[in-house]
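Beneath this line is the structure, given in structure tokens, with notes to follow.
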Amino acid sequence: MTDPASLASEPLFGLPLAELWFGLLFFIFATFLFLDGFDFGVGALFATREDDDEREQLLAAIGPFWDGNEVWLVVFGGAMFAAFPAVYANLFSRHYLLMFAILGALIFRGLAPEMYEQRHDAAWQRWWGRAFIVGSLTAPFFLGMFTANWLLGATTIVTLPGLVVGLAVVALTVVDGVAFLRLKTRGDLREDLRTDGYRALAAYLVLIVVTLGYVYAAAPALRSSLFSAPVAALVLATLVLAGVYAAATLADRYYVAFGAAAGLVFALVGIVAGLMYPAIDRAGGLTVETAIVSTLPLNLMSIGAAVLLPLIFVYFAVLYSAFSGPIEAGESY
Amino acid sequence: MIDPVLGSRLQFALTTIVHIIFPVMSMGLAPFLVYFTWKDIRTGKPIYEQLRRFWTRIFAVSFVVGTVTGIVLEFEFGTNFAAFSTTAGELFGGPLALEGMMAFMLEATFLGIFVFGRDRVGDVLYMISAVAVGLGTWLSAVWILIANSWMQTPRGYELATENGQTIVHLVDPIAAYANPRFPWMFVHMQNAAVESVALFMAGLGAYFVFRHHVWGYSVENVGFWETTLKIGLVALLISAPLQVLHGDLYARHVFETQPQKFAAMEAVWETESYVPEYIVAFPTSLQDLLDPRAKDIFGIGIPGGASWLASGGDPQATIQGLNEFDGPQPPVAIVFWAFRIMVALGFWFVLLAVWGGYRWWRGELLEDDLLHKALMASTPLGILAVELGWIVTEVGRQPWVIQDVLRTSDGVSPGLTGAETTVTLAGFAVVYLGLLALYTYVVVRIIRAGPPEVDGPGVADPVETPASEVQVDD
């Protein structure tokens with residue numbers, strides 16, 4: 001701990017805190033997209049299952065986890081507000097209607113499983129099942145649109161790359177959801193899911209190639225970043241991880257496939273961060289250095305995050321180990 | 001099309017008014033759930049397992065609806081109040097981030113174990129989960145109220161102008177976050193949450209006890225509902241008097257730190273001493289009914305009462321009138337009435353607690369009584385009092401979003417259009433009112449289903465079967 005008086009003038013230990021928070025912000029976003037991503041994927045796969053028992057298994061798989069997973073989005077919003085308040089203000093007010101579309105989708109996605117289990121008659125479950133599916137598909141789609149617009153500095157909500165990235169993120173959450181469900185299920189369901197995973201992975205790779213092609217062709221400002229070492233390495237990593245995912249899924253190496261799915265999500269978010277830096281809000285003309293808060297609050301937040309983030313991983317470890325392995329018969333949402 | 005400023009204010013008001021119900025339920029239930037879990041693990045008595053499982057179901061639904069409505073609030077600062085977010089982000093963003101990392105994470109992860117994990121984890125980890133969930137809900141209030149109290153009595157900052165925008169810089173974190181308002185708000189809020197849940201429990205218990213013992217219907221698990229009624233009454237006996245005493249001191253603190261809000265609470269226009277405390281007050285002319293500047297009020301007042309309240313015992317004390325403050329005034333009629341009804345409810349809850357306690361002491365708690373009806377009617381009134389309290393707090397400090405620093409109208413996102421605001425306001429009105437209806441529906445279903453069946457001898461049967469008991473299928 002440095003001298004308390006210096007908290008107001010010098011960054012802690014002379015660290016490049018603005019860049020660290022830029023990285024941390026995307027790390028939190030990636031963690032959210034990976035963790036809540038498999039919840040979204042489970043919602044999308046819910047649409048492909050007709051059997052009541054299988055549907056119950058899908059809901060039981062995410063039951064104990066989704067709340068904690070979704071909190072990462074709250075932490076992302078809070079971290080952005082605390083570290084880059086101008087970006088928080090510009091970005092969310094510029095994407096006004098899109099933000100509310102995301103929030104609306106999350107409302108239905110969050111509410112639906114709880115409601116689905118409240119009554120066991122067909123009409124009620126049909127409608128909440130639909131709400132679950134629609135919320136689970138639209139939330140990642142809109143999040144993808146938002147991210148693409150953020151990266152490219154778009155000032156309109158509906159853009160072509162936004163739509164493509166939206167679909168790519170939906171496909172990625174299905175890849176993620178399959179990997180998670182293959183850890184949590186048994187028997188026929190587990191076997192059937194394999195095909196869903198391959199298809200979603202193929203769709204994701206095609207959509208990502210289209211997106212990168214678009215960036216190369218139509219976003220000259222980002223073209224040089226595309227060939228920077230970190231971004232190029234992450235693109236390459238995506239291809240390798242896709243191979244690992246496919247092979248591990250074929251060989252029933254469930255944890256390896258799940259890890260590869262996580263890697264794919266982190267690689268995608270890493271590509272976005274790499275393309276964006278040093279800007280953090282292109283349309284608003286803000287860079288990481290201009291948007292960061294002053295030294296005192298930044299130092300305080302850094303101390304807070306350094307203490308709390310490891311603790312949060314302990315909570316998650318406790319939660320996920322308490323509910324590890326395939327769901328048992330009789331476990332329900 | 002609605003004006004973006006008005007629309008943003010209405011939208012934020014609507015989303016907070018609906019949202020607050022769910023955290024009140026979860027914060028209020030948290031200590032009860034910790035207690036039930038502890039007793040369940042220690043004694044193994046079926047009644048505690050029933051209490052734990054029944055109230056956990058209500059807690060879980062409250063938490064889910066609270067989560068989905070609360071995420072919206074966090075992002076509304078960015079979408080609708082971007083100018084506020086830019087200006088105050090340095091002081092305001094930190095507490096929100098810490099709420100997410102410190103409180104919400106703790107609550108949400110351990111809730112998974114608490115709701116789904118009784119058969120998966122041992123007693124120790126299960127008990128830790130109950131405490132962690134409860135601690136999480138309360139810590140959440142700590143950070144939200146640190147942020148809110150800073151807006152009420154801002155300290156520890158400096159103003160600077162950057163790129164033509166006023167920016168609030170943090171200079172003294174202790175002054176900013178260990179804010180004079182914070183302890184007042186926190187105690188008042190947490191006690192209000194416990195009191196609200198106590199009223200909810202007592203009212204619910206009274207309903208089934210009344211049906212069984214007075215109307216003579218055969219109610220299943222009547223022992224469970226008797227226990228619920230008693231637990232609610234005990235909690236009410238502790239929380240209701242505390243709330244009134246604390247509220248009195250809190251009002252004095254408001255007078256000292258936010259005189260404009262205090263004047264609005266009392267509708268005092270001209271600076272005066274020996275100001276009466278109006279129990280009720282109306283304008284003498286109907287045209288003035290909605291005019292907050294109406295001066296010709298007819299009312300019944302306690303002479304010197306408001307001065308006494310403001311100063312802590314001096315009926316001659318001077319109260320600054322609203323006319324002394326420059327610029328727009330808060331909507332006085334709303335603040336005045338919200339404050340009065342809240343205070344009246346606070347006294348009513350004390351009366352209920354004493355009344356119930358007295359009947360219980362006399363051994364008459366289960367008998368035909370007006371008390372049961374009064375408790376039933378009061379089931380949702382704790383939450384109503386919380387809403388009114390927040391209306392006094394938030395409407396009373398208008399036109400300021402940060403007291404004396406930034407006006408609410410200057411905090412709205414600059415690029416926002418009337419069309420955008422109208423669309424989202426209409427959307428949220430439908431979704432939030434729908435959520436409220438759905439929540440009510442689900443809670444009523446949980447109540448109808450009653451406590452779960454548990455292994456063991458079941459709950460104690462009522463001491464004696466009432467003579468009037470008639471077997472009626474319901």
Side-chain angles (χ1 to χ4, degrees), chain A residues 8 60 63-86 88-97 99-100 102-104 106-108 110-111 114-115 118-119 293-294 296-297 300-301 304-305 308-309 311-312 315-316 318-319 322-323 331 333, chain B residues 60-61 63-65 67-72 74-75 77-80 82-86 88-94 96-102 104-106 108-113 115-117 120-121 125 132 169-171 173 413-416 420 423-424 427-428 431 435 438 442 445:
Chain A
F65 305 119
W66 78 265
D67 244 324
N69 295 345
E70 198 155 298
V71 176
W72 285 95
L73 183 66
V74 179
V75 172
F76 169 74
M80 190 192 261
F81 200 170
F84 302 101
Y88 178 87
N90 282 351
L91 203 58
F92 294 163
S93 62
R94 195 181 315 118
H95 292 95
Y96 189 78
L97 293 176
M99 284 307 298
F100 283 108
I102 292 171
L103 296 171
L106 288 175
I107 288 177
F108 281 101
L111 207 57
E114 182 71 31
M115 290 301 141
Q118 291 291 335
R119 273 177 59 174
V293 283
S294 50
L296 176 62
L300 291 174
M301 279 303 300
L308 292 168
L309 286 173
L311 255 182
I312 293 169
Y315 307 159
F316 270 73
V318 172
L319 175 69
F323 292 92
E331 269 187 307
Y333 187 82
Chain B
V61 175
F63 184 80
V64 167
V65 186
T67 305
V68 298
T69 54
I71 290 177
V72 174
E74 187 193 25
F75 286 93
F77 290 114
T79 52
N80 290 68
F84 162 77
S85 300
T86 310
E90 256 195 45
L91 278 101
F92 196 78
L96 283 201
L98 288 168
E99 188 218 4
M101 287 193 282
M102 188 185 281
F104 211 21
M105 276 293 185
L106 187 67
T109 45
F110 283 97
L111 187 69
I113 298 179
V115 171
F116 297 98
R120 283 241 183 196
V121 302
L125 180 53
H169 282 299
L170 177 66
V171 290
S413 306
L416 203 57
E420 286 172 327
V423 168
T424 56
F428 273 96
V431 171
L435 280 171
L438 192 66
V442 169
R445 272 184 65 90

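This structure is a prediction, so every number in the text was calculated from the model and none was measured. Numbered from 1 within each chain, the chains take letters A, B, ... in sequence-line order.
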>> Only pairs of heavy atoms separated by less than 4.5 Å count here; which of B:E99, B:H169, B:R445 has the most with chain A?
In response: B:R445
>> Please classify the contact between B:I113 and chain A as side chain, backbone, both or neither, with a heavy-atom cut-off of under 4.5 Å.
In response: both
> Under a 4.5 Å heavy-atom cut-off, does chain B meet the side chain of A:L311, its backbone, both or neither?
Replying inline: neither
> Minimum heavy-atom separation for B:G94 to A:A82, with atom names?
Replying inline: N-CB, 3.7 Å
> Under a 4.5 Å heavy-atom cutoff, which of A:L308, A:V74, A:N69, A:V293 has the most pairs with chain B?
Replying inline: A:V74
> Between atom CD1 of A:I102 and atom CD1 of B:I71, what is the distance when rounded to the nearest 0.5 Å?
Replying inline: 11.5 Å
>> Minimum heavy-atom separation for A:L296 and B:P173, please, with both atom names.
In response: CD2-CD, 3.8 Å
> Which value, rounded to the nearest 0.5 Å, describes the distance between A:L106 atom CG and B:T67 atom OG1?
Replying inline: 11.0 Å
> Do the non-hydrogen side-chain atoms of B:F63 and A:D67 ever get within less than 4.5 Å of each other?
Replying inline: yes
> Does the side-chain contact (heavy atoms from CB on, under 4.5 Å) test come out yes or no for A:F92 and B:N80, once each step is laid out?
Replying inline: CA-CA 8 Å; A:F92 294 163; B:N80 290 68; over 6 Å; no
> Where do A:A322 and B:V121 come nearest, in terms of heavy atoms and distance?
Replying inline: CB-CG1, 3.6 Å
>> Counting heavy-atom pairs closer than 4.5 Å to chain A, which one of B:V61, B:T69, B:L106 comes out on top?
In response: B:L106
> Can you say whether B:F75 sits under 4.5 Å from chain A via the side chain, the backbone, both, or neither, judging by heavy atoms?
Replying inline: both
> Do you know the tightest heavy-atom contact between A:G304 and B:L98?
Replying inline: CA-CD2, 4.4 Å
> Using non-hydrogen atoms only, which part of A:A79 is less than 4.5 Å away from chain B: side chain, backbone, both, or neither?
Replying inline: backbone
> Using non-hydrogen atoms only, which part of B:L170 is less than 4.5 Å away from chain A: side chain, backbone, both, or neither?
Replying inline: both
> What residues form a side-chain hydrogen bond (donor to acceptor under 3.5 Å, both in side chains) with B:E74, not counting sequence neighbours?
Replying inline: none
>> Using ring centroids (six-membered ring only for Trp), state whether A:F100 and B:F428 fall under 6.0 Å.
In response: yes
> With only heavy atoms counted, which part of A:L319 is less than 4.5 Å from chain B, the side chain, the backbone, both or neither?
Replying inline: both
>> Does any backbone or side-chain atom of B:T424 lie under 4.5 Å from a heavy atom of chain A? Answer side chain, backbone, both or neither.
In response: side chain
> Which region of A:R94, side chain (C-beta onward) or backbone (N, CA, C, O), has a non-hydrogen atom less than 4.5 Å from a non-hydrogen atom of chain B, or is it both or neither?
Replying inline: neither
>> Within this structure, what is the OH-CE distance for the pair A:Y315 and B:M105, rounded to the nearest 0.5 Å?
In response: 9.5 Å
> What part of B:L91 lies closer than 4.5 angstrom to a heavy atom of chain A: side chain, backbone, both or neither?
Replying inline: neither
>> Using heavy-atom distances under 4.5 Å, tell me whether A:L111 contacts chain B through its side chain, its backbone, both, or neither.
In response: both
>> Quick check for you: to the nearest 0.5 Å, what is the distance between A:Y96 atom OH and B:L416 atom CG?
In response: 5.0 Å
> Side chain of B:E90, backbone of A:S294: donor and acceptor closer than 3.5 Å?
Replying inline: yes
> Can you check whether B:V72 reaches A:I107 side chain to side chain, under 4.5 Å on heavy atoms?
Replying inline: yes
>> Less than 4.5 Å to any heavy atom of chain B: does that hold for the side chain of A:A305, its backbone, both, or neither?
In response: both
> How far apart are the C-alpha atoms of A:V318 and B:L125, what are their side-chain angles, what is the distance that settles it, and do they pass the side-chain contact (heavy atoms from CB on, under 4.5 Å) test?
Replying inline: CA-CA 9 Å; A:V318 172; B:L125 180 53; 3.9 Å; yes
> Where is the tightest heavy-atom contact between A:M301 and B:M101, given as atom of each residue plus distance?
Replying inline: CE-CE, 4.0 Å
> Parallel, tilted or perpendicular: which fits the ring planes of B:F77 and A:F81, with parallel below 30° and perpendicular above 60°?
Replying inline: tilted
> Roughly how far apart are A:Y88 OH and B:L96 CG, rounded to 0.5 Å?
Replying inline: 6.5 Å
> In Å, rounded to the nearest 0.5 Å, how long is the span from CG of A:N90 to OG of B:S413?
Replying inline: 9.5 Å
